J.: 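One structure, as structure tokens, below. Some questions next.
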Amino acid sequence: MSSQSTFKDVLRENRRTFLAILMLPVVGMIVAISLIVIRAPENLAVSVGLIILMLCQYLVLVFYISRRMDQLTST
């Protein structure tokens with residue numbers, strides 16, 4: 001029989017996959033900015049400003065989660 005994997009082991013093995021999945025909205029926001037620049041430049045200032053604000057907040061959250069994962073797997 002195989003031994004049971006603990007949460008730390010699973011998190012350590014799948015850390016990159018988990019972070020890649022978390023970064024998918026960032027890719028979507030970058031695509032949205034490029035589409036706004038191409039399709040509707042008259043709405044550029046407000047739209048891109050709000051997207052960049054959300055992007056910064058989301059990236060801070062992802063970095064926080066990444067650090068927490070490091071703390072959980074190191075001990």
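Everything numeric here is computed off the predicted structure, so don't read it as measured data.
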J.: Can you tell me how far OG1 of Thr6 sits from CZ of Arg12, rounded to the nearest 0.5 angstrom?
T.: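 OG1 of Thr6 is found 7.0 Å from CZ of Arg12.
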
J.: Please tabulate, one pair per line, all N/O donor-acceptor pairs under 3.5 Å involving side-chain atoms of residues 51-62, not counting sequence neighbours.
T.:
from: Tyr58; atom 1: OH; to: Leu22; atom 2: O; distance (Å): 2.6

J.: Identify the two heavy atoms, one from Lys8 and one from Leu72, that lie closest to each other, and give their separation to 0.1 Å.
T.: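 Smallest heavy-atom distance, with atoms named: CE-O, 3.4 Å.
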
J.: For the atom pair CD1 (Ile30) and CE (Met23), what is the distance rounded to the nearest 0.5 Å?
T.: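 Rounded to the nearest 0.5 Å, the CD1-CE separation comes to 7.5 Å.
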
J.: Side chains of residues 38-49: which donor-acceptor partners sit under 3.5 Å, not counting sequence neighbours?
T.:
from: Ser47; atom 1: OG; to: Asn43; atom 2: O; distance (Å): 3.0

J.: Identify which one of Asp9, Val10, Leu11 satisfies the side-chain contact (heavy atoms from CB on, under 4.5 Å) criterion when paired with Phe7.
T.: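 Exactly one candidate clears the test, Leu11.
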
